[in-house]
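All remarks here apply to the structure that follows.
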Amino acid sequence: MTDRLDATMRFHQTALNARAYRQQVIASNIANADTPNYKARDLDFRQALSGALGAKGDALALKTTSQRHIAGAASNPLEAALKFRTEEQGAVDGNTVNMDVERSAFAENSVHYQASLTFINGMLTTMQRAIQNQ
């Protein structure tokens with residue numbers, strides 16, 4: 001029973017971490033809106049979540065020809081899902097940040113983050129009530 005609860009909480013913790021990381025990436029885009037040649041980035045949430053949960057994603061596997069080679073593994077599985085945002089309107093200075101897109105993505109991600117917190121809070125409240133009624 002506890003392993004199922006632990007797996008459920010681990011899933012939600014991983015999802016919150018992915019949302020928080022995406023929020024940092026979007027905030028970085030907004031902060032660099034006036035930086036010449038800055039390329040906007042975004043996180044593919046589904047790929048990031050599946051990669052962080054240990055599912056096989058599109059991570060680059062490096063071939064080693066000697067046992068002394070260092071295995072090529074990403075230190076942060078969320079970074080494997082980090083991609084450059086498609087350019088919608090080019091700028092003279094090479095910057096690809098579109099503030100309307102960034103604000104929209106920031107607000108959407110905030111809503112999803114808050115919804116996840118509300119869901120987790122509801123789960124914990126339900127578990128607490130179940131334990132107290134024994």
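This is a predicted model, so every value here is computed, not measured.
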Would you give the length of the straight line joining atom [atom1] of [X] to atom [atom2] of [Y], rounded to the nearest 0.5 angstrom?
{"X": "H12", "Y": "N17", "atom1": "NE2", "atom2": "CG", "value": "13.0 Å"}
{"X": "T8", "Y": "R10", "atom1": "OG1", "atom2": "CZ", "value": "9.5 Å"}
{"X": "T118", "Y": "Y113", "atom1": "OG1", "atom2": "OH", "value": "11.0 Å"}
{"X": "L82", "Y": "Q47", "atom1": "CG", "atom2": "CD", "value": "10.0 Å"}
{"X": "L78", "Y": "R19", "atom1": "CG", "atom2": "CZ", "value": "11.5 Å"}
{"X": "L16", "Y": "F11", "atom1": "CG", "atom2": "CZ", "value": "10.0 Å"}

Under the 3.5 angstrom rule, does the side chain of S104 hit a backbone N or O of D100 as a donor-acceptor pair?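 Absent.
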Counting N and O atoms only, with roles assigned by atom type, does the side chain of N133 sit under 3.5 Å from a partner on the main chain of R129, one being a donor and the other an acceptor?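 Between the backbone of R129 and the side chain of N133 there is a qualifying donor-acceptor contact (under 3.5 Å).
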Any idea which heavy atoms bring [X] and [Y] closest together, and the distance?
{"X": "F106", "Y": "A27", "answer": "CE1-CB, 4.3 Å"}
{"X": "N95", "Y": "T35", "answer": "ND2-O, 2.6 Å"}
{"X": "I26", "Y": "E102", "answer": "CG2-O, 3.5 Å"}

Please step through side chain to side chain contact (heavy atoms under 4.5 Å, CB included) for the pair M9 and M127, ending with a clear verdict. CA-CA 12 Å; M9 287 302 183; M127 283 190 266; 3.3 Å; yes
Flag side-chain contact, heavy atom, 4.5 Å: Q114 against L117: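 Yes - at least one pair of side-chain heavy atoms lies under 4.5 Å apart.
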Side-chain contact test, heavy atoms from C-beta onward, threshold under 4.5 Å: evaluate it for H112 versus Q23 and give yes or no.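 They are not in side-chain contact.
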Do V101 and I30 belong together in a cluster built from hydrophobic side chains that touch within less than 4.5 Å?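 Different clusters: V101 never reaches I30 through Ile, Leu, Val, Met, Phe, Trp or Tyr contacts under 4.5 Å.
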Donor-acceptor list for residues 38-45 side chains, cut-off 3.5 Å, not counting sequence neighbours:
from: Y38; atom 1: OH; to: S28; atom 2: OG; distance (Å): 3.3
from: Y38; atom 1: OH; to: N29; atom 2: OD1; distance (Å): 3.0
from: K39; atom 1: NZ; to: G94; atom 2: O; distance (Å): 2.7
from: D42; atom 1: OD1; to: R22; atom 2: NE; distance (Å): 2.9
from: D42; atom 1: OD2; to: R22; atom 2: NH2; distance (Å): 3.1
from: D42; atom 1: OD2; to: R85; atom 2: NH1; distance (Å): 3.4
from: D42; atom 1: OD2; to: R85; atom 2: NH2; distance (Å): 3.3

Within a reach of under 6.0 Å around CG of D93, are more than 12 heavy atoms found that belong to other residues, nucleotides or ligands?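 It does: D93 CG has more than 12 such atoms within range.
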